[in-house]
Engineer: 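Below is a structure I'd like to ask you about.
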Amino acid sequence: MGPHPAVAAIRLAVRRVLHDVVTEYNRRTEQAGHAEFAEAGAGARRSGLPERPDTPLVLVACSGGADSMALASALAFESRKLPVRAGGITVDHNLQPGSGLRAGEVVARLAEMRLDPVEAVAVRVGRDGGPEAAARDARYAALDAAAERHGAFAVLLGHTRDDQAETVLLGLARGSGIRSLSGMAAASGPAGRYRRPFLQLDRQTARKACLVQSIPVWDDPHNIDPAYTRSRLRHEGLPALEKALGKGVVEALARTAQLSRDDADALDTWAAEAARSVLDDAGRLECVKLSVLPPAVRRRVLRRAVIDAGSPAGSLFARHIEEVDRLITGWRGQGAINLPGRVEVRRQGGRLVIRQS
């Protein structure tokens, strides 16, 4: 008799990602030679890892919740059958009493699964962008540092189809563009470091997999706290949509994310090619050439240009790009546009002058 369907589903999802990791690791090794990877292997030996420098290390980011504990269990099981080393990282945000103790419990459970290395990393959460964004920034910074420290090839994240649906709705509520509606990518970060095996699985599947395997899970009280936008969306917004529109809203939103991602990728490729065709000999953007581009392509070209000039991507909103776009499509002699990062854009002699003051 095989495993429970929920357990089989999470294992299959992780197995597919690990096969991709092994294939990519071997390809990069062949392309780059063995010197860089040999150094990574030496770092692994110094940290007490098994001496298998010819195999990639995959870490699971584990909060102790059902999604990430299910992911950790599937990684532990599947890694034993593949040329992969598996470890785990938990991030202590220090936002709740006893968070350090809980982080220690997660480390102990990961060790019981025979993951190695396992560690807890404590972070200090700032205030920029609000509590949810600040916690996310601190968490990813810690995961990036841990991946570099251990020489990890990939870090697995436990985001599910439900998380994807919530992300799409949050982007829609902000009035964001198609890239925001594309939600979370299956692979993201530097060189595709972050992998999300569960984007096609619902949250209940992960929880059921923990239940039938008798894996203890911790339910973060922040996930039901109405002070947080995502929590309100999860417990009030999505249920209301399903009541009004019927079941299947989560699946439809996840499908929308994938279709939007495909469209956004195509537009980004088009914009990258178009950017080279609208420059003069001095490398400045020519307004006449920009004006004939489709708006979605032109605004991507403009956004990339101002980011390259020093405007922080996270502080650059649609309204900023719309103002710059009006220098092309609604030119009436208006003055310079001031953007985040002290970047100034003005139209001069039929060209855009973009510079940081």
Side-chain angles (χ1 to χ4, degrees), residues 1-22 25 44-45 47-53 55-93 98-122 139 142-143 146-147 149-160 163 193-199 201 203-220:
M1 184 176 179
H4 186 279
V7 177
I10 64 169
R11 289 177 178 175
L12 177 59
V14 169
R15 188 185 316 144
R16 288 171 172 165
V17 169
L18 293 184
H19 277 297
D20 290 342
V21 165
V22 171
Y25 179 85
R45 288 191 294 275
S47 67
L49 296 176
E51 292 196 20
R52 294 167 61 195
T55 59
L57 171 63
V58 178
L59 300 175
V60 58
C62 188
S63 66
D67 301 341
S68 60
M69 289 303 296
L71 184 59
S73 71
L75 174 62
F77 181 85
E78 293 296 333
S79 63
R80 296 173 195 138
K81 303 185 292 183
L82 293 168
V84 170
R85 291 175 291 131
I89 302 292
T90 187
V91 178
D92 174 12
H93 296 84
S99 63
L101 290 175
R102 280 190 292 273
E105 291 172 356
V106 172
V107 165
R109 289 170 189 163
L110 296 178
E112 289 173 2
M113 294 178 183
R114 294 167 57 192
L115 297 179
D116 183 22
V118 294
E119 71 168 323
V121 180
R139 179 166 60 255
L143 293 174
R149 185 165 60 251
H150 292 289
F153 189 86
V155 178
L156 305 188
L157 304 176
H159 297 120
T160 65
D163 297 306
R193 167 179 290 162
Y194 294 106
R195 310 294 173 106
R196 298 176 174 87
F198 288 175
L199 284 183
L201 299 178
R203 191 174 288 137
Q204 284 304 115
T205 297
R207 183 169 289 276
K208 185 66 174 180
C210 289
L211 178 64
V212 299
Q213 295 180 99
S214 300
I215 298 174
V217 299
W218 173 66
D219 291 315
D220 186 346

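What you see below is based on every heavy atom in this structure, not just the backbone, and it leaves out hydrogens, waters and symmetry mates. This chain uses plain numbering: 1 for the first residue, then up along the sequence.
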Engineer: Can you name the ring-ring contact (aromatic ring centres under 6.0 Å, His included) partners of Tyr194, sequence neighbours left out?
Structural biologist: Tyr140

Engineer: Restricting to salt bridge (Lys or Arg N to Asp or Glu O under 4.0 Å), what partner residues turn up for Glu119, sequence neighbours left out?
Structural biologist: Arg149

Engineer: Sequence neighbours excluded, which residues qualify as salt bridge (Lys or Arg N to Asp or Glu O under 4.0 Å) partners of Asp219?
Structural biologist: Arg207

Engineer: Restricting to non-hydrogen atoms, name the atom on Tyr25 and the atom on Pro56 that form the minimum distance, rounded to 0.1 Å.
Structural biologist: CD1-CB, 3.5 Å

Engineer: Can we say Asp116 and Arg85 salt-bridge, meaning some charged N sits less than 4.0 Å from an Asp/Glu carboxylate O?
Structural biologist: no

Engineer: Taking all heavy atoms of Leu157 and all of Pro197, pick out the closest pair and write down the distance.
Structural biologist: O-CD, 3.5 Å

Engineer: Nearest heavy-atom pair of Gly87 and Leu57: which atoms, and what distance?
Structural biologist: N-CD1, 4.0 Å

Engineer: Under the salt bridge (Lys or Arg N to Asp or Glu O under 4.0 Å) rule, collect the residues that match up with Arg15, sequence neighbours excluded.
Structural biologist: Glu78

Engineer: Okay, side chain of His4, backbone of Ala6: is any donor-acceptor separation there less than 3.5 Å?
Structural biologist: yes

Engineer: Can you list the residues that meet the side-chain contact (heavy atoms from CB on, under 4.5 Å) rule with Leu211, with sequence neighbours excluded?
Structural biologist: Lys208

Engineer: Please identify each residue that fulfils side-chain contact (heavy atoms from CB on, under 4.5 Å) with Pro5, with sequence neighbours left out.
Structural biologist: none

Engineer: Tell me, do Val17 and Leu156 make a side-chain contact under 4.5 Å, heavy atoms counted?
Structural biologist: yes

Engineer: Please name the pair of heavy atoms, one in Pro216 and one in Ser214, separated by the smallest distance, quoted to 0.1 Å.
Structural biologist: CD-O, 3.5 Å

Engineer: I need the minimum non-hydrogen distance between Ile10 and Ala209, along with the two atoms involved.
Structural biologist: CD1-CB, 3.6 Å

Engineer: From Arg195 CZ over to Leu18 CG, what is the distance, rounded to the nearest 0.5 angstrom?
Structural biologist: 10.0 Å

Engineer: By salt bridge (Lys or Arg N to Asp or Glu O under 4.0 Å), which residues pair with Arg196, not counting sequence neighbours?
Structural biologist: none

Engineer: Partners of Thr90 by side-chain hydrogen bond (donor to acceptor under 3.5 Å, both in side chains), sequence neighbours excluded?
Structural biologist: none

Engineer: Just to verify, what does Ala122 make a side-chain contact (heavy atoms from CB on, under 4.5 Å) with, not counting sequence neighbours?
Structural biologist: Asp92, Asn94

Engineer: If a pair satisfies salt bridge (charged side-chain N to carboxylate O under 4.0 Å, His left out) and one of its residues is in residues 101-110, list it, with sequence neighbours excluded.
Structural biologist: none

Engineer: Can you give me the closest heavy-atom contact between Leu59 and Ala147, atom names plus distance?
Structural biologist: CD1-CA, 4.3 Å

Engineer: Between Leu75 and Val58, is the side-chain contact (heavy atoms from CB on, under 4.5 Å) condition met? List the steps.
Structural biologist: CA-CA 9 Å; Leu75 174 62; Val58 178; 4.2 Å; yes

Engineer: Hey, are the side chains of Thr160 and Gln204 touching, using non-hydrogen atoms and a 4.5 Å cut-off?
Structural biologist: no

Engineer: Considering only heavy atoms from C-beta outward, does the side chain of Val118 approach that of Cys62 to under 4.5 Å?
Structural biologist: no

Engineer: Can I get a per-line list of side-chain donor-acceptor pairs under 3.5 Å for residues 63-74, giving both atom names and the distance, sequence neighbours left out?
Structural biologist:
residue: Ser63; atom: OG; partner: Gly65; partner atom: N; Å: 3.1
residue: Ser63; atom: OG; partner: Ser68; partner atom: OG; Å: 3.3
residue: Ser68; atom: OG; partner: Ser63; partner atom: N; Å: 3.0
residue: Ser68; atom: OG; partner: Gly64; partner atom: N; Å: 3.4
residue: Ser68; atom: OG; partner: Gly65; partner atom: O; Å: 3.4
residue: Ser73; atom: OG; partner: Ala70; partner atom: O; Å: 2.7
residue: Ser73; atom: OG; partner: Gln213; partner atom: NE2; Å: 3.4

